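Everything numeric here is computed off the predicted structure, so don't read it as measured data.
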Amino acid sequence: MSQSPDQDKLNTLLGRMVGDLGAVATGALVVLGDRLGLFKAMQEGGKLTAAELAARSGTHERYVREWLSAQAAAGYVEYDAGADRFHLTPEQALVFADEDSPAFMAGAFEVLSSLWIDEPKVSEAFRTGKGLGWHDHSACLFRGTERFFRPGYNANLIGSWLPALDGVVAKLENGARVADVGCGHGASTVLMAKAFPKSHFTGFDYHAPSVDRARKAAEEAGVSGNTKFEIAQAKTYPGTYDLVAFFDCLHDMGDPSGAATHVKESLSPDGTWMIVEPFAHDHLSANLNPVGRVYYAASTMICTPASLSQEVGLGLGAQAGEFRLRQVITAGGFTRFRRAAETPFNMVLEARP
């Protein structure tokens, strides 16, 4: 016999649901405002009426008024009731309007929109167990992933992550060969190429449209001279390198130990493998927090289906944790492994033969 619900606990849960429903609904409006340039138009400064923002952004006043009201209810913009005007605080501008900010989050909402769009495909994968390849997702996932991860790379890669690796920065400054495997749109590759012009960087990804976009990004950043992008998989990319980097992609691979084996074969004798993965503790109970909530959701809809669509189909998931990753990496022949750095969203692992 089922137990009667505790009314206080039910009310608490329902109250949380109202907040969650508001977050989900507002997320769509963040994507809308980002796409239409509404946040960037507000970033130009001043308190604006809906009509002024519509004129500044080339949109329709009545729609803008409703959008602003929803954003104010969410606490994403500020509302001056006396003047009937809206504005962004400096903090809100960093989160929603400034793509170079380490706190920029609009790209994350673009990633999450793909979860809703591709839900029917993932439902079918649940039924069949066949998985869903990265390339089978909607295009907003590819662009959103770059925009979500790029702020963290901008804030940490050159200043703290690479310096945390043993002797790597000196090699890069003197001129090293670097492979960025699973490079996507090339945000990490381009960032390193700009910082270390004496080194040569090759980005590899199996997804041809992402490689095309990465090549354009390199041209736009003026680093085509020491950067190239090629279509290749993690177990077959060519060349020998002083540094191989995997940014937030190892857990997506069907055979990560096979990839590790190939990395070892592609490294110079004193080479380094840098693996950046989503931050996670080793046990589920320790990951039941806001960051884990986001990562488990993305892993359910994107990462695990991607792995299960490939050979072996290990299905590590985005919250594999350091211990499980160590097992996968050492199975590829690496004998030295350590956590070199971490942020609330990432952990940086260093592996050497």
Is the shortest side-chain N to carboxylate O distance from E146 to R143 below 4.0 Å?
no
By the rule that ILVMFWY residues connect when side-chain heavy atoms come within less than 4.5 angstrom, directly or transitively, which residues belong alongside I231?
V190, V211, V223, F229
So if you build clusters from Ile, Leu, Val, Met, Phe, Trp, Tyr with side-chain heavy-atom gaps below 4.5 Å, do M347 and V244 land together?
yes
Is there a side-chain contact between R65 and F86 in this structure, where contact means two heavy atoms from C-beta onward sitting under 4.5 Å apart?
yes
For the side chain of Q310 and the backbone of D252, is there at least one donor-acceptor N/O pair under 3.5 Å apart?
yes
For W67 and F39, what are the C-alpha separation, side-chain angles and deciding distance, and is it a ring-ring contact (aromatic ring centres under 6.0 Å, His included)?
CA-CA 11 Å; W67 180 84; F39 289 116; 5.1 Å; yes
Among side-chain atoms of Y206 and H135, is any donor-acceptor pair under 3.5 angstrom?
yes
Do E99 and K40 have side chains that approach each other closer than 4.5 Å (heavy atoms only, starting at C-beta)?
yes
Does any part of the side chain of P238, heavy atoms only, come nearer than 4.5 Å to the side chain of F204, both counted from C-beta?
yes
Would you check if there is a donor-acceptor pair between the side chains of D205 and Y237 at a distance under 3.5 Å?
no
State whether a side-chain donor-acceptor pair under 3.5 Å links N11 with Q7.
yes
Do other residues, nucleotides or ligands put more than 12 heavy atoms under 6.0 Å from K121 NZ?
yes
Under a 3.5 Å cutoff, is there a donor and acceptor pairing between the side chains of N154 and D100?
no
Side chains of E110 and V30 in contact at under 4.5 Å (non-hydrogen atoms):
no
Please check if L243 and V263 belong to a single hydrophobic cluster, counting links between Ile, Leu, Val, Met, Phe, Trp and Tyr side chain heavy atoms closer than 4.5 Å.
no
Working for side chain to side chain contact (heavy atoms under 4.5 Å, CB included), residues E322 and D282
CA-CA 6 Å; E322 182 180 330; D282 290 327; 4.0 Å; yes
Any chance the side chains of S123 and E119 put a donor and an acceptor closer than 3.5 Å?
yes
Please tell me whether V31 and V294 are part of a single hydrophobic cluster in this structure, the criterion being side-chain heavy atoms less than 4.5 Å apart.
no
Indicate the atoms forming the closest heavy-atom contact of P278 with Q319, along with that distance.
CB-NE2, 4.2 Å
Non-hydrogen side-chain atoms of R56 and L48 separated by less than 4.5 Å:
yes
Does any N or O in the side chain of T261 come within less than 3.5 Å of the main-chain N or O of S257, such that one atom is a donor and the other an acceptor?
yes
Could you measure the distance from the CZ atom of F126 to the CG atom of L308? Nearest 0.5 Å is fine.
10.0 Å
Decide yes or no for H185 and H207: does some side-chain heavy atom of the first lie under 4.5 Å from some side-chain heavy atom of the second?
no
CG (L88) and CE (M42) are apart, to the nearest 0.5 Å, by 4.0 Å
Contacts of T330 meeting side chain to side chain contact (heavy atoms under 4.5 Å, CB included) (sequence neighbours excluded), chain-then-number -> R326
Minimum heavy-atom separation for L316 and S307, please, with both atom names.
N-OG, 4.4 Å
Examine L94 and M105 and state if one hydrophobic cluster contains both, with Ile, Leu, Val, Met, Phe, Trp and Tyr joined whenever side-chain heavy atoms are less than 4.5 Å apart.
no
Heavy-atom nearest pair, T59 first then L53, reads OG1-O, 4.4 Å
Please report the interatomic distance CD(E230) to NZ(K228), rounded to the nearest 0.5 Å.
5.5 Å
Is the backbone N or O of V95 less than 3.5 Å from a side-chain atom of D98, with the two atoms forming a donor-acceptor pair by type?
no
Side chain to side chain contact (heavy atoms under 4.5 Å, CB included) assessment of V348 paired with W161:
CA-CA 7 Å; V348 181; W161 290 353; 3.6 Å; yes
Is any side-chain heavy atom of F104 less than 4.5 Å from a side-chain heavy atom of R147?
yes
Decide yes or no on ring-ring contact (aromatic ring centres under 6.0 Å, His included) for F247 and Y153, but give the supporting numbers first.
CA-CA 9 Å; F247 289 94; Y153 299 160; 5.1 Å; yes
May I ask you to decide if the ring planes of F109 and Y76 are parallel, tilted or perpendicular, using 30° and 60° as cut-offs?
perpendicular
Over 12 foreign heavy atoms within 6.0 Å of CD, Q233
no
Distance col, row T89:OG1 vs Q92:CD, nearest 0.5 angstrom, shows 3.5 Å
Might you confirm whether atom CZ of R293 has over 12 heavy atoms from other residues, nucleotides or ligands at distances under 6.0 Å?
no
To the nearest 0.5 Å, what is the distance between CG on L314 and OG1 on T304?
10.0 Å
When you look at F196 and V169, which way does the side chain to side chain contact (heavy atoms under 4.5 Å, CB included) test go after all the steps?
CA-CA 9 Å; F196 302 103; V169 169; 4.2 Å; yes
Can you list the steps and then say if F142 with H137 is a ring-ring contact (aromatic ring centres under 6.0 Å, His included)?
CA-CA 8 Å; F142 316 137; H137 283 274; 7.6 Å; no
How about CZ on R35, more than 12 heavy atoms from neighbouring residues, nucleotides or ligands closer than 6.0 Å, or not?
no
Looking at side-chain heavy atoms only, is the closest gap between L325 and I275 below 4.5 Å?
no
Please give me the minimum heavy-atom distance between L29 and A70, naming the atom from each residue.
CD1-CB, 3.3 Å
Less than 3.5 Å apart, any donor N or O on the side chain of S138 or S114 sitting next to an acceptor on the other?
no
One pair to check against side chain to side chain contact (heavy atoms under 4.5 Å, CB included): M274 and L157. What are the steps and the verdict?
CA-CA 11 Å; M274 177 172 68; L157 177 53; 4.0 Å; yes
Considering only NZ, NE, NH1 and NH2 on the basic side and carboxylate oxygens on the acidic side, decide whether E265 and K235 come within less than 4.0 Å.
no
Distance-only side-chain donor-acceptor flag, R85 / T49, under 3.5 Å:
no
Taking salt bridge (charged side-chain N to carboxylate O under 4.0 Å, His left out) as the test, write out the residues that go with E78, two or more places apart.
none
L267, F246: one ILVMFWY side-chain cluster at the under-4.5 Å cut-off?
yes
With no hydrogens and no angle check, do the side chains of Y295 and N287 hold a donor and an acceptor under 3.5 Å apart?
no
Could you pull out the closest heavy-atom pair between P344 and F279, with the gap in Å?
O-CB, 3.7 Å
Determine, for R352 against E350, whether the closest basic-nitrogen to carboxylate-oxygen distance falls under 4.0 angstrom.
yes
With a 3.5 Å distance limit and no angle check, can you tell me whether D180 reaches the backbone of C183 through a side-chain donor-acceptor pair?
no
First locate atom OG1 of T12, then atom CE of M17, and finally report the distance between them rounded to the nearest 0.5 Å.
11.0 Å
Heavy-atom pair with the smallest gap, counting every atom of I329 and A351:
CG2-CB, 3.8 Å
Would R127 and E124 count as a salt bridge (charged side-chain N to carboxylate O under 4.0 Å, His left out) here? Give the steps.
CA-CA 5 Å; R127 295 186 183 99; E124 184 63 17; 3.8 Å; yes
